[in-house]
Amino acid sequence: MKRALVTGITGQDGLYLSELLLSKGYEVYGLIRGQNNPKADLVRSVVPDVRLLNGDITDLSSLIRALSTSQPDEVYNLGAVSFVAYSWENARLTSDVTGLGVLNVLEATRLHAGPDLSKIRFYQASSSEMFGKVQDVPQRESTLLWPRSPYGVAKVYGHYMTINYRESYGMHASSGILFNHESPRRGPEFVTRKITQAVARISLGLQESISLGNLDAKRDWGFAGDYVEAMWLMLQQEQADDYVVATGETHSIREFLEIAFAHVGIDDWQRLVTQDPRFLRPAEVDLLIGDPTKAREQLGWQPKVGFEDLVRMMVDSDLAEQRKTSAR
Ligand code: NDP
Ligand code: GDR
């Protein structure tokens, strides 16, 4: 039986990845931080077979302890301060967690493995946010990185440190440059879930309108359940490498709004959306569209859920959740 250690277990991807690994027969250990993490119950209810270990990716000794307890064959580093807007207000914290945290996990893994480093495979959650002010359209593995937020800068550090551990120590360390991926488990601070929650509430008469920032930004949105499969596939390859994981399609926030509102029978959605400068960013990433050719050809990976189905899945889930909450 293979063993995996997953950081960021309480997040969207941590939950989907654990479900995938458990379904493949892995023993899964999840790193959870804090004295009394409010999301521990969520993890226990969604994936009760995951064994939770206390630790924080900013704390090297907690990582060494987690590695020693779990003895993993695979380490997936998903833990991060992941909300881009928050990263301007907390640039130092973001650098410590999203940037230096990667170094800690790499170093703890190297120290734990000792001379036989090849026995552990490592995955780093890199991001399309690293492309920022994009230098190629579409963006691919070789595209010059030009991050536009403290989050993006921290991810670039983690990305290159992962490559450096591969090149310096021969570590099986892969970096997945994942484009935005969403699901009913997406945090409500991200634009997709903010919209689908509001659309559900507006259609049930629980909310009047939604306030947003830049509606013209374009993203390459896929389904998180599909993307965690690519993470796993990367660690099953003989050679570690870096891969863009994306759908190859891009859509604006406006298009997302249009499909979400249409799904609940509202066509004149513009009257329900207000723009609030508080949600604008000091520097925006205007356009993301990935070229997933390498992942398709080398990993045999492709997304299964298309954009419109993703939007509808999220609205349906929020409708069900809101109905349940308002019936209480
Ligand atoms: P989430 O924000 O849902 O989850 C982030 C996770 O990181 C949470 O489990 C959080 O734990 C954990 N975390 C935060 N700080 C620390 C810390 N100091 N030590 C240990 N864990 C910590 O993110 P996603 O699941 O969406 O994303 C997973 C990873 O993939 C992240 O690294 C993100 O940056 C990256 N990524 C995400 C993309 C996306 O579109 N979703 C695209 C590209 C990359 P807690 O609950 O305790 O806060
Ligand atoms: P992003 O996701 O920054 O791409 O990072 P987010 O959903 O926060 O923003 C996407 C785009 O929507 C615009 N936008 C708004 N965003 C939010 N959150 N709230 C609003 O009200 C709003 N109005 C407009 C933003 O300006 C932006 O252009 C996500 C995270 O998961 C990162 O961790 C990950 O690395 C990248 O995706 C790939």
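Only heavy atoms go into these numbers, but all of them, side chains included; no hydrogens, no water, no symmetry mates. Just so you know, ligand 1 is whichever comes first in the structure, and atom 1 is the first atom listed for that ligand.
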| Less than 4.0 Å between a side-chain N and a carboxylate O, is that true for Glu107 and Arg110? | yes
Present, as a list of atom pairs with distances to 0.1 Å, all nitrogen or oxygen contacts under 3.5 Å between ligand 2 and the protein.
from: ligand 2; atom 1: 3 (O); to: Arg281; atom 2: NH1; distance (Å): 2.6
from: ligand 2; atom 1: 4 (O); to: Asn180; atom 2: ND2; distance (Å): 2.8
from: ligand 2; atom 1: 4 (O); to: Arg219; atom 2: NE; distance (Å): 2.9
from: ligand 2; atom 1: 7 (O); to: Val191; atom 2: N; distance (Å): 2.9
from: ligand 2; atom 1: 8 (O); to: Arg281; atom 2: NH2; distance (Å): 2.8
from: ligand 2; atom 1: 9 (O); to: Arg281; atom 2: NH2; distance (Å): 3.4
from: ligand 2; atom 1: 18 (N); to: Glu189; atom 2: O; distance (Å): 2.9
from: ligand 2; atom 1: 21 (O); to: Lys194; atom 2: NZ; distance (Å): 2.7
from: ligand 2; atom 1: 23 (N); to: Gly213; atom 2: N; distance (Å): 2.8
from: ligand 2; atom 1: 26 (O); to: Glu284; atom 2: OE2; distance (Å): 2.6
from: ligand 2; atom 1: 28 (O); to: Arg219; atom 2: NH2; distance (Å): 3.0
from: ligand 2; atom 1: 28 (O); to: Glu284; atom 2: OE1; distance (Å): 2.9
from: ligand 2; atom 1: 28 (O); to: Glu284; atom 2: OE2; distance (Å): 3.0
from: ligand 2; atom 1: 31 (O); to: Arg186; atom 2: NH1; distance (Å): 3.1
from: ligand 2; atom 1: 31 (O); to: Arg186; atom 2: NH2; distance (Å): 2.9
from: ligand 2; atom 1: 33 (O); to: Ser82; atom 2: O; distance (Å): 2.6
from: ligand 2; atom 1: 33 (O); to: Tyr151; atom 2: OH; distance (Å): 2.8
from: ligand 2; atom 1: 35 (O); to: Ser127; atom 2: OG; distance (Å): 2.5
from: ligand 2; atom 1: 35 (O); to: Tyr151; atom 2: OH; distance (Å): 2.5
from: ligand 2; atom 1: 37 (O); to: Asn180; atom 2: ND2; distance (Å): 3.0

| said: If only side-chain N and O atoms count, and only distance matters, is there a donor-acceptor pair under 3.5 Å linking Gln71 with Arg3? | reply: no
| query | In terms of side-chain geometry, is the basic nitrogen of Glu19 or Arg185 positioned less than 4.0 Å from the acidic oxygen of its partner? | reply | yes
| Step by step, would you call Thr192 with Glu182 a side chain to side chain donor-acceptor pair (under 3.5 Å)? | CA-CA 7 Å; Thr192 54; Glu182 318 294 314; 2.4 Å; yes
| Going by an N to O cut-off under 4.0 Å, is there a salt bridge joining Arg201 and Asp318? | no
| task | State whether a side-chain donor-acceptor pair under 3.5 Å links Thr94 with Asn90. | result | no
| ligand 1: which residues have a non-hydrogen atom closer than 4.0 Å? | Gly8, Ile9, Thr10, Gly11, Gln12, Asp13, Arg33, Asn37, Lys39, Asp56, Ile57, Leu78, Gly79, Ala80, Ser82, Val97, Ala125, Ser126, Ser127, Tyr151, Lys155, Leu178, Phe179, Asn180, His181, Arg186
| How far apart are the C-alpha atoms of Asp56 and Ser62, what are their side-chain angles, what is the distance that settles it, and do they pass the side chain to side chain donor-acceptor pair (under 3.5 Å) test? | CA-CA 6 Å; Asp56 192 300; Ser62 75; over 6 Å; no
Taking only distance into account, with no hydrogens and no angle test, what donor-acceptor pairs under 3.5 Å do side-chain atoms of residues 26-33 form with protein atoms, sequence neighbours excluded?
from: Tyr26; atom 1: OH; to: Glu74; atom 2: OE1; distance (Å): 3.1
from: Tyr26; atom 1: OH; to: Glu74; atom 2: OE2; distance (Å): 2.9
from: Tyr26; atom 1: OH; to: Trp232; atom 2: NE1; distance (Å): 2.8
from: Glu27; atom 1: OE2; to: Tyr29; atom 2: OH; distance (Å): 2.8

| remark: Those residues at least two apart in sequence (or on a different chain) that pass side chain to side chain contact (heavy atoms under 4.5 Å, CB included) with Arg148 are Lys133, Ala283, Val285
